Participant: 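The structure that follows is given in the form of structure tokens.
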Amino acid sequence: MESRGAGKQVRKPPAERRNEMVGAAARVALGEGLECVTLRRVAEELGVRAGLVGHYFPVAEELVAEAFASATMAELDSLLPEVPDGRSGRGALDAVRELLARIGGAEFDDVSRLWLNARHLSRYRPVLRDQVVSQELLWCRRLEQVVAEGVNGGVFGCEDPWTAAVRVLVAIDGTGSYVNTSADRRSAAVDGLVRDLTETVLGLSPGALRAP
């Protein structure tokens, strides 16, 4: 198959070109898996020569790691956007309620698959492993902030926001781990599991996190 990179390449500022490559790699990772993120595949996606991608990413594993980080950071900012001035206690409750409602939807299945993919490959790829750990900590800290705001606002009743955040995210990851296999047979059984656990962890009454 003839590469789309055979035509004339447009010169772009280095930062813009690099971000473009990471974005293309993230799309490949979400749609096809991290194993498919190669210099040649990203070049085909952008219609440039593989050598140009290699110029920006001499070590292909760095592109793989950045593709993962780009995709998962976009997910984090979508599900738990930062609020620089903090939230009220009621705002924290709404943020957790919305997180649980949205993360269980089919729109985030590809990201769930990406996390599974990355955690498996990180056993063998240290550059990716470092990025996975970094993203896990970012998720925990972002949720910890929300929980702390809820505690300070008198809405949540937990003693340790960090522990609460970790437990909620472990529950989310645990249910998401079946996305590639028997999700259809387990969905009815696990429906509400994360919500029920989160209510317990945050010291909320049963049903407090159900959508209004």
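Quantities reported herein were computed from a predicted structural model and do not represent experimental measurements.
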Participant: Could you list all the salt bridge (Lys or Arg N to Asp or Glu O under 4.0 Å) pairs where at least one residue sits in residues 153-174, not counting sequence neighbours?
Facilitator: Arg119-Asp173
Participant: Check the pair Glu66 / Arg18 against side chain to side chain contact (heavy atoms under 4.5 Å, CB included), numbers first and verdict last.
Facilitator: CA-CA 11 Å; Glu66 290 202 34; Arg18 192 178 192 283; 2.7 Å; yes
Participant: Specify the closest pair of heavy atoms between Trp139 and Ile103, including all atoms of both residues, with the distance to one decimal.
Facilitator: CH2-CD1, 4.4 Å
Participant: Would a 4.5 Å heavy-atom cut-off, applied to side chains only, mark Val64 and Phe68 as touching?
Facilitator: no
Participant: Under 4.5 Å between any side-chain heavy atoms of Met21 and Leu52, yes or no?
Facilitator: yes
Participant: Quick one: closest heavy-atom pair of Leu116 and Gly176, and the distance?
Facilitator: CD1-O, 4.0 Å
Participant: Should Arg142 and Asp77 count as side-chain neighbours, where that means a heavy-atom distance under 4.5 Å?
Facilitator: yes
Participant: Do Val170 and Val133 share a hydrophobic cluster (ILVMFWY, side-chain heavy atoms under 4.5 Å, transitive)?
Facilitator: yes
Participant: First locate atom CD of Gln131, then atom CD of Glu62, and finally report the distance between them rounded to the nearest 0.5 Å.
Facilitator: 10.5 Å
Participant: Checking His120 now: which residues fulfil ring pair (Phe, Tyr, Trp, His ring centres under 6.0 Å) with it, not counting sequence neighbours?
Facilitator: Tyr124
Participant: Taking Phe108's backbone N and O only, do any of them form a donor-acceptor pair with Glu75's side chain (distance below 3.5 Å, no angle check)?
Facilitator: no
Participant: What heavy-atom pair brings Leu128 and Ser122 nearest, and what distance separates the two atoms?
Facilitator: CD2-N, 4.1 Å
Participant: Rounded to the nearest 0.5 Å, what separation is found between the CG atom of Leu100 and the OG1 atom of Thr198?
Facilitator: 4.5 Å
Participant: If you group Ile, Leu, Val, Met, Phe, Trp and Tyr by side-chain heavy-atom gaps below 4.5 Å, do Val127 and Leu121 land in one group?
Facilitator: no
Participant: When rounded to the nearest 0.5 angstrom, what is the spacing between CG in Leu197 and CG in Leu202?
Facilitator: 9.0 Å
Participant: Is any side-chain heavy atom of Glu149 closer than 4.5 Å to a side-chain heavy atom of Val155?
Facilitator: no
Participant: If only atom types and distance count, is the side chain of Asn117 paired as donor or acceptor with the main-chain N or O of Gly33 below 3.5 Å?
Facilitator: no
Participant: If you compare all heavy atoms of Val48 against all heavy atoms of Arg17, which two are closest, and at what distance to 0.1 Å?
Facilitator: CG1-NH1, 3.7 Å
Participant: Assess whether side chain to side chain contact (heavy atoms under 4.5 Å, CB included) is satisfied between Val151 and Val147, documenting all intermediate values.
Facilitator: CA-CA 6 Å; Val151 171; Val147 174; 4.3 Å; yes
Participant: Measuring from Arg195:CZ to Arg97:CZ, what's the distance to the nearest 0.5 Å?
Facilitator: 11.0 Å
Participant: Drop me the distance from Leu79's CG to Ile172's CD1, to the nearest 0.5 angstrom.
Facilitator: 8.5 Å
Participant: Does Val166 belong to the same Ile/Leu/Val/Met/Phe/Trp/Tyr cluster as Leu76, with side-chain heavy atoms less than 4.5 Å apart forming each link?
Facilitator: no
Participant: Is it true that Glu45 and Arg41 have a side-chain N and a carboxylate O under 4.0 angstrom from each other?
Facilitator: yes
Participant: If you take all heavy atoms of Glu199 and Arg210, which pair is closest and at what distance?
Facilitator: OE2-N, 4.2 Å
Participant: Is any side-chain heavy atom of Phe57 less than 4.5 Å from a side-chain heavy atom of Val42?
Facilitator: no
Participant: Locate the shortest heavy-atom distance separating Ala29 from Leu34; write the atom from each residue and the value.
Facilitator: CB-CD2, 3.6 Å
Participant: Do Tyr56 and Leu63 have side chains that get closer than 4.5 Å, going by heavy atoms?
Facilitator: no
Participant: Kindly write out the residues that satisfy side chain to side chain donor-acceptor pair (under 3.5 Å) with Glu144, not counting sequence neighbours, or none if the list is empty.
Facilitator: none
Participant: Would you say the side chain of Gln145 lies within less than 4.5 Å of the side chain of Arg141, judging by non-hydrogen atoms?
Facilitator: no
Participant: Walk me through it: do Leu93 and Leu204 pass the test side chain to side chain contact (heavy atoms under 4.5 Å, CB included)?
Facilitator: CA-CA 10 Å; Leu93 178 66; Leu204 296 170; 4.0 Å; yes
Participant: Is the shortest heavy-atom distance from the side chain of Thr163 to the side chain of Val201 under 4.5 Å?
Facilitator: no
Participant: Do other residues, nucleotides or ligands put more than 12 heavy atoms under 6.0 Å from Arg102 CZ?
Facilitator: yes
Participant: Taking Ala67's backbone N and O only, do any of them form a donor-acceptor pair with Ser70's side chain (distance below 3.5 Å, no angle check)?
Facilitator: no
Participant: How far does CG of Leu114 sit from OG1 of Thr72, to the nearest 0.5 angstrom?
Facilitator: 6.5 Å
